[in-house]
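All remarks here apply to the structure that follows.
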Amino acid sequence: MKKMFGLLMSLVLVLSLAAPAASAETTDNPAASENKNVHVQIVLFDGFDLLDALAPYETFAAAGLYSEGALTVELVSAEGKRSVPSGLNGPSLEAQAALDPNRPGIILVPGASGKPAGNSEDAIPNILWKAKETALPDLIKQAMDNKEITVATVCGGSLLLAMDGLLKDRHAVTNHIGMAALKAAGAIPVDARVVVDGPRLVTGGGVTSGLDVAFYLVERELGPQIAHAVEKLFEYERRGTVWRAEGAAPIDFKPNPQASEEKQPAAGSARSAE
């Protein structure tokens, strides 16, 4: 027992000595300081979906860990530093600062968590509408006009932008339940897990696609080795091909009902021909 206790104390001593050394190595390494050029702002609003926000947050945070701080991430809100309640009476998260639409990097907008439909206060359409009535859409518009910012969305975050006309004629995806609404709002819906429209708009489908959006952005910004290291840490493999409006378009093998009707003459016409 004494031997085991001695080993544990030795391990604690080693860790206590190693931690300051690792911290000093990061701060004293000029290359690490110079590489701090990717900052991610994850937006919180009342009723946001926890997984939409926290899955990308943890992915970006791990990427920052593996890259010696080349990527940083924080939680923000349109109103500034405050406690922001999540949907479905979930826990609140602390927004650390106000959303800055002029800060180069990435801004990620999650969706809402609540009833999929209906007119109740906790229905997702109403939660998104309330967020739309805040300063958030104007701030996102400013960010989308900034060539140094990539705007990303997860799930209902795409609808939040579309509701304010920010995705008009842009390829995008959201949760499968909201694809018709996305189209009605002027976007071009694409049935894919992650959709990239130009270099500065990235949208994700259902809730867990936030992981895939974040991994795509980590690989884009920091390279495949960092992304792979985070994949191994999380024991998660990305799903699906990232859709881009590039390359040859696939042949559409779906039958055209109108063409079928034209080829097949009506029964009355066939009889009269006899």
Do [X] and [Y] have side-chain heavy atoms sitting under 4.5 Å apart?
X      : Y      : value
Leu93  : Leu54  : yes
Leu217 : Phe60  : yes
Phe45  : Lys130 : no
Thr174 : Met179 : yes
Pro56  : Ile42  : yes

Apart from Val207 itself, which Ile, Leu, Val, Met, Phe, Trp or Tyr residues share its cluster (side-chain heavy atoms under 4.5 Å, direct or through members)?
->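 When side chains under 4.5 Å apart are linked, the cluster holding Val207 also contains Leu51.
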Salt bridge (charged side-chain N to carboxylate O under 4.0 Å, His left out) between Arg82 and Glu94, intermediate numbers included | CA-CA 6 Å; Arg82 69 181 181 99; Glu94 193 72 24; over 6 Å; no
[X] [atom1] to [Y] [atom2] distance, which is reported to the nearest 0.5 Å:
X      : Y      : atom1 : atom2 : answer
Phe48  : Cys155 : CZ    : SG    : 14.0 Å
Glu121 : Ile127 : CD    : CD1   : 9.0 Å
Ser113 : Leu50  : OG    : CG    : 7.0 Å
Asp164 : Leu128 : CG    : CG    : 12.0 Å

Arg220 and Thr150: side-chain donor and acceptor closer than 3.5 Å?
-> yes
Non-neighbouring partners of Thr153 that pass side-chain hydrogen bond (donor to acceptor under 3.5 Å, both in side chains), sequence neighbours left out |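 Applying side-chain hydrogen bond (donor to acceptor under 3.5 Å, both in side chains) to Thr153 gives Ser158.
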Donor-acceptor pairs are to be reported for all side-chain atoms of residues 185-200 against protein atoms at under 3.5 Å, with residues two or more places apart or in another chain.
residue	atom	partner	partner atom	Å
Arg193	NE	Asp212	OD2	2.4
Arg193	NH2	Thr208	O	3.4
Arg193	NH2	Thr208	OG1	2.9
Arg193	NH2	Asp212	OD2	3.0
Asp197	OD1	Arg170	NE	2.9
Asp197	OD1	Arg170	NH2	3.3
Asp197	OD2	His171	N	2.7
Asp197	OD2	His171	ND1	2.9
Arg200	NH1	Met144	O	3.2
Arg200	NH1	Asn146	O	2.8
Arg200	NH1	Ile149	O	3.1
Arg200	NH2	Met144	O	3.2

So Glu219 and His228, side-chain hydrogen bond (donor to acceptor under 3.5 Å, both in side chains) or not? Walk me through it.
-> CA-CA 8 Å; Glu219 181 175 7; His228 181 255; over 6 Å; no
More than 12 heavy atoms of other residues, nucleotides or ligands under 6.0 Å from [atom1] of [X]: yes or no?
X      : atom1 : value
Asn89  : CG    : no
Glu58  : CD    : no
Lys115 : NZ    : no

